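Data block below; observations after.
Every chain is numbered from 1 and lettered A, B, ... according to where its sequence line falls, protein lines coming before strand lines. Note that the structure is a prediction, hence the values are computed from the model and not measured.
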Number of protein chains: 2
Amino acid sequence: MKRPTIADIAKRAGVSKGAVSYALNGLPGVSEETRARIQAIAREIGWRPNLAARSLSGARADAIGLVLCRPARFLGVEPFFMELISGIEGELAASSCALMLQVVPDHEAEIAVYRRWWGEGRVDGAILVDLHVDDPRIPVVERLGMPAVVTGHPSGTGSLPAVWSDEVVVLREVIEYLAALGHRHIARVAGLPALLHTRIRDEAFAEICAESGVTEHQVVHTDYTGEQGARATRRLLSSRARPSAIVYDNDIMAVAGLSVAQEMRLDVPADLSIVAWDDSPLSQVVRPSLTAVTRDIPAGGAHATRALLRLIETGETGSLEGPPASLLPRGSTAPAGKLASPAL
Amino acid sequence: MKRPTIADIAKRAGVSKGAVSYALNGLPGVSEETRARIQAIAREIGWRPNLAARSLSGARADAIGLVLCRPARFLGVEPFFMELISGIEGELAASSCALMLQVVPDHEAEIAVYRRWWGEGRVDGAILVDLHVDDPRIPVVERLGMPAVVTGHPSGTGSLPAVWSDEVVVLREVIEYLAALGHRHIARVAGLPALLHTRIRDEAFAEICAESGVTEHQVVHTDYTGEQGARATRRLLSSRARPSAIVYDNDIMAVAGLSVAQEMRLDVPADLSIVAWDDSPLSQVVRPSLTAVTRDIPAGGAHATRALLRLIETGETGSLEGPPASLLPRGSTAPAGKLASPAL
DNA sequence: ACGTTTCACTGAACCGTATCAGCGGTGGCC
DNA sequence: GGCCACCGCTGATACGGTTCAGTGAAACGT
């Protein structure tokens, strides 16, 4: 009833444990005939390598880690993480490597998790997400010597390889598209200001607006919840000089903003254009459907995973730039109406 | 530069490995003085127990498994899973136990994962979700002897403990609420018919409708996507005898249904009442906000986790019924209008 | 004063696998 | 025919913990 071990196989095959190990790992050292016999026995008695024993002998833990650091109640709302995970999984499945997941409240806890996982030999490496400005995790992971890739802009990843895509390109696409539609006052309902990508988008936003003839632009920071998205929208739309277009940093806020606008008897897109960053089925389900910046998140996760596996395997490092996201116009954007801020 | 081991500690403390093991695990066998000295050294040199070594000696793997079996693209949409995970994590954090996650396309693959995880000694147990009618995973897991709890109705969990809550109670609450508002024709846009809870809701739905004077009722099955939710709604609302209320099995479909209704120039809730099962921030963000069946999913996950940990620890089994979900009326339900089916 | 118990600790075995040195046998080569 | 290389395998050891039997000394009881 106990789990069969290579010792059991060795006994039945009449060879030594070493020979069994060679046979089952495809190493030279046994004849093809013996190898086949041993493999047959292994299959017959349902042998599986004991991972603990294997990793104890200096080998892999055959697992990578992912720590999510957002308050639990925000996680469900953001399709982002689940999509990322499915992308990671897709890549992992091929290599019989497992994913260790942990949700923590803050960076301190996250760092403790890395320390523990790496110290215990539980993982071979990790994928870091939600890169912050001056992210404290980077130096710690560097010092630990744990293989890791970071999804985020290379400017913030220290010596760790970054897996990223250029957001400025898309942002420019969005702003120029809106500017071409005649929008001269654009607001941005952004995410957490501590996130590096928020900072990067903020800076690029100001710059590109200036370049594109968007005379007025403003940014409101939120925590990505629909609630705060709604509140920000309400405030923006109530101000005397209200924007004729709003770009949201995720789609739940965009949907919330849409509802607020409709509640305030504004027509979307005639009176107000809305662009969602991150596209999810949600954007297509509301009316009007949302013009959105779409990127293939699962592909990004798969990308990062491949990079990490290669780093673990070969030690080969280096940042990887993925394909940029792109703008997908739908029903929530239209030429700027006469009622918008220029009328003021 | 290598990881410190108990042998290193033993050398520095001038004691044997065994003594160090006793000291660090809080076991009797060393004086409190020596224990303190050993613990100090361990802390000083940053020792962490090597998990592989520990589990090799017959101990825990200190991890539990969770396999999600839905096509990857559906996972992101459903806040359910992420909320479940955060609930599980919350409970796990206390016991320094890790979560192994895997996403698979079908039950066959899922079963293979359990076989592998259990065979490799990677997990101490698992939480099974999305219980199906005649679920093939149940007998396999039973035979494997892997500790497991199942979230779902006890009628389908075989000898495995179920962690569940009574859905019929809430369903009755919903139907009677709608019936009291004068609705006599209610439709249900349900999820996958293969899921046991869909089956249970289906049966209870018919029964309760009959009891409550709801003369007409019908069920459409979908795959939980907004797309199919929209299509089902369109079909329902285009039929000659259209329902005056629709109950959706998740909120993304409810939102999609809301959009379809509005597109068809129906006023929600005047012409059509909508109830979402599973409440998420999404339900509150659309206009009108959705009347929804809310349940505390993270709490359910935590509940299941506690049950599993106890099962692993003590072998103590037994099903656990959680608090039922409850109906949260919001803006999408109202008395049945004169235009609804009774007019026919 | 002597046997017994308790305490604090040691030394070794053990978990299941990987890996390495070594060994006998065979075949090739000069 | 003697030397070497190679094949196929054995036996031992390492990995880092846990655990158990055993040991010497001190404390205790009678």
Would you say [X] reaches [N]'s phosphate, i.e. side-chain N/O to OP1/OP2 under 4.0 Å?
X        : N       : value
Trp47(A) : dG16(C) : no
Arg54(B) : dG16(D) : no
Asn25(B) : dT18(D) : yes

Can you tell me the distance, in whole Å, between the [atom1] atom of [X] and the [atom2] atom of [N]?
X         : N       : atom1 : atom2 : answer
Arg35(A)  : dC7(D)  : CZ    : P     : 13 Å
Leu56(B)  : dG17(D) : CG    : P     : 12 Å
Ile9(B)   : dG16(D) : CD1   : C1'   : 11 Å
Leu24(B)  : dG17(D) : CG    : P     : 9 Å
Asp62(B)  : dT18(D) : CG    : C1'   : 14 Å
Arg122(B) : dT17(C) : CZ    : C1'   : 15 Å
Ile6(A)   : dC15(C) : CD1   : P     : 12 Å
Ile38(A)  : dT10(D) : CD1   : C1'   : 12 Å

Give one of base, sugar-phosphate or nothing for [X], where a contact means two heavy atoms less than 4.0 Å apart.
X        : answer
Val15(A) : sugar-phosphate
Ser55(A) : nothing
Arg60(B) : nothing
Pro28(A) : nothing

For nucleotides 19-22 of chain C, tabulate all protein N/O to nucleotide N/O atom pairs closer than 3.5 Å, reporting atom names and distance.
unit_1	atom_1	unit_2	atom_2	d
dC20(C)	N4	Tyr22(A)	OH	2.4

Any carboxylate oxygen within less than 4.0 angstrom of a Lys/Arg side-chain nitrogen, looking at Glu32(A) and Arg35(A)? yes

Is Asp62(B) paired with Arg60(B) through a side-chain N to carboxylate O contact shorter than 4.0 Å?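 Looking at Arg60(B) and Asp62(B), the cut-off is not met.
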
Measure the spacing between CG of Leu56(B) and CG of Leu51(B) and express it to the nearest 0.5 Å.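 Those atoms lie 11.0 Å apart.
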
Under 3.5 Å, is there a donor-acceptor pair between the side chain of [X] and the main chain of [Y]?
X         : Y         : result
Ser55(A)  : Ala61(A)  : no
Ser95(B)  : Leu92(B)  : yes
Ser86(A)  : Met82(A)  : yes
Asp106(A) : Glu108(A) : yes
Ser21(B)  : Lys17(B)  : no

Closest to the 5' end of DNA chain C, once Ala52(A) and Ser31(B) are matched to their nearest nucleotides, is Ser31(B)

Among the nucleotides dT17(C), dC9(D), dC15(C), which one has an atom lying closest to any side-chain atom of Thr5(A)?
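Closest of the options to the side chain of Thr5(A): dT17(C).
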
The side chain of Ala53(A) lies closest to which of these nucleotides: dC9(C), dG16(C), dG16(D)?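 Looking only at heavy atoms from C-beta outward on Ala53(A), the closest nucleotide is dG16(C).
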
